[in-house]
Amino acid sequence: MSSALSHLDKLENQSIFIIREAYSQFRDVAMLWSIGKDSTCLLWLVRKAFFDRIPFPCLHIDTGYKFKEIYEFRDKYAKEWNLDLLVARNEEAIAAGMGPDKSKFNCCNELKTVALKQAIAKHGFKALYLGIRRDEHGIRAKERVFSPRDEDFEWDYKNQPPELWDQYKTKAAEEEHIRVHPLLGWREIDIWEYVKRENIPTTSLYFAKNGIRFRSIGCETCCGPVASEADTIDKIVEELKTTNISERSGQAQDKESDYMMQKLRSLGYM
Amino acid sequence: MTDKPKTVIIGTDGVPFEMIEHFAQTGVMPNTARLIADGTFAKMQSSIPEVSSVAWSSMITGANPAEHGIFGFIELHPNSYRMRFPNYNDVKAPTFWDKRDGKSVIINVPSTYPVRPMNGVLISGFVSIDINKSVYPPDLVPTLQSFDYRLDVDARKAHQSMDLFLEDVEATLQGRIKAYRYLWDYCDWNTFMLVFTGTDRLLHFLWSAYEDKNHAHHAAFVDHFRKIDEVVGEIAGKLTDDDLLIMHSDHGFERLDHEVFVNYLLAENGFLQFKQDTDPALENICPDTKAFALDPARIYLNLKGKYPAGNVNPAGAETILDEIEDLFTEFQIDGRKVIRDVYRKADIYTGPYIESAPDLILVANAGFNLKGKIGADALYSKGIFTGKHTQDTAFLLIKGPHNPEKLPNPPKVSDIPAIFM
């Protein structure tokens, strides 16, 4: 037990260091809050880092298709924690009827990527905090704690600073913005153990009802539940210790294209 | 089962006319030989380009790519150079089972993933990933799993060991046969379609084994076709003279001499350029780029407004297309012309999605396999593959009530639904 605590303490200390370091470098920053467990943990750490008075906004990219539990949770805690909440929506695309029924790719692109681009342009953010973790998905294993993106949002993963021995490159070129990933080294199970230790609120979607729960949440239209009886944090932690199903298996638009690429490549189509 | 006339379609991915003819004459496929003797047997044109996603989308919709919207296995995200992989959701024309009255059972047709509800049974084919999104109605999944049903041959095995690959081809075939036998009596259908795709996989890796009787895998190759013929015989035996049986391929195959990298030639001639000190990838092309190709040989102008680094103005487009056409028309390897035809999109496509079509489409002469790979290190090479697709040697075999006079000469893969609709 004591070793588990020290493991979480180490993660917490390192994340708070990264959060403060990024703020002192960039000032014009915001954190992305998807209301999911990871970014809510991040928010918890940000509150700790600045003693409950966060000196920058929390940005929610709202596609209009999120679960109703997500909106309720957002509004409740934005008030309770006195957040400077910014909600970014690509109103033009929403008005034009963009939705997952058109094309999932176009929908994500218009309602998430473009909405975020619009928000960055409008507020002039130089850096953004995100709650991504290396163990979520293969491609994220290549991420850095300070990760530059160019003006088109392109991530040149083969041309990144190395970050050996926790030496971070925190300077950005003019046309870039930096993504800051304080939770990069956390695992899904660390998140849940930390949620339990700190008693961090999470939406009810994560807890099993009628044999299913969500391991990863987002738009109601494109998230699938996993079969599970885990209706408490303890049971979730137990489940994570034994499962071999990936966290994002419920997300429609994710690793399928990686598999498709592999299959096409094996037949010479790439 | 009702006594209404039925339509049964047996698809064999990639099998060329000459191979069916050869196996029919040499006793490997006696049941198919009987159908040829009693029916109509013709060489058929595939789609352009002659890849499975386009060819099967054309077959099941009876439409051309500008009507169904599938131009290849790969497309780009809007206003970006990032690749995406179109699937069944991107097929914009209705399929014959969407339009036809009565129930259909459709097994393993490429480009039908992820499945959606329909009147009957649909098990999607290449490129299917998740079994739970590949089967309608979903309660059939456990039954299929009990047959060790495999969505596809794992072609990566061929890169490791041909023996492992052949085991997988065989296991996949057996699972498919069990599924067809179970589904034959599962519901009161009037259209049944069963597609074999192991044929295409064998032809890619083991065309050499077909040609060479002394090849270590020659017997396994021939045996696969013998087993398919047994299924053809079994199915033909269940039908009456009033029922229609169609057997066909989506494209043909032939020996591969050279893989030819279209983007390499474009780069060598200054049409395609990458940013300095970056890997050759579409994301890294620089704004001087005039054109690039997506697999297999679909050439797109780097149009201003359409792409992030687009710089070709519509006014200058025609000149550049002429230059590229000249480049490819004259292009030779070992003294042989590589390109059979260079098409503008309007030459071969008509329909509401023509704007998404490539600006130029190349079809190769015999032996040359055109590839859209970015970052090839030579203009042409030869890798693990020994066979390549052909556009003009697919086959069509029809037995049962039909009018051969009404069939276009030569028939195209998109003409098939009209035979029974």
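To find a chain, count down the sequence lines: A is the first, B the second, and so on, and within it residues start at 1.
- Heavy-atom distances place both the backbone and the side chain of Lys373(B) under 4.5 Å from chain A.
- Rounded to the nearest 0.5 Å, atoms CG (Asp200(B)) and CG (Leu267(A)) are 6.5 Å apart.
- Between Arg82(B) atom CZ and Asn109(A) atom CG the span is 6.5 Å, to the nearest 0.5 Å.
- Surrounding CD of Glu92(A) are at most 12 heavy atoms belonging to other residues, nucleotides or ligands under 6.0 Å away.
- Heavy atoms closer than 4.5 Å to chain A are found nowhere in Asn369(B), neither backbone nor side chain.
- Surrounding CG of Asp139(B) are more than 12 heavy atoms belonging to other residues, nucleotides or ligands, all under 6.0 Å away.
- No more than 12 heavy atoms of other residues, nucleotides or ligands sit less than 6.0 Å from atom CZ of Arg255(B).
- Of the possible donor and acceptor atoms, none in the side chain of Lys263(A) sits under 3.5 Å from a partner among the backbone N and O of Val127(B).
- For the atom pair CD1 (Ile129(B)) and CD (Gln262(A)), the distance works out to 8.5 Å, reported to the nearest 0.5 Å.
- Other residues, nucleotides and ligands contribute more than 12 heavy atoms inside 6.0 Å of the CD atom of Gln160(B).
- Using a 4.5 Å cut-off on side-chain heavy atoms (C-beta onward), Asp130(B) and Tyr259(A) make no contact.
- With rounding to the nearest 0.5 Å, the separation of CZ in Arg156(B) from CZ in Arg265(A) is 11.5 Å.
- Residues forming a side-chain hydrogen bond (donor to acceptor under 3.5 Å, both in side chains) with Lys388(B) (at least two apart in sequence, or on another chain): Glu254(B).
- In plain terms, the two heavy atoms of Val51(B) and Tyr269(A) that are nearest each other are CG1-CE2, 4.2 Å.
- Between His159(B) and Ser266(A), the shortest heavy-atom contact is NE2-O, 2.8 Å.
- The contact between Phe385(B) and chain A is made entirely by side chain atoms (from C-beta outward), counting heavy-atom distances below 4.5 Å.
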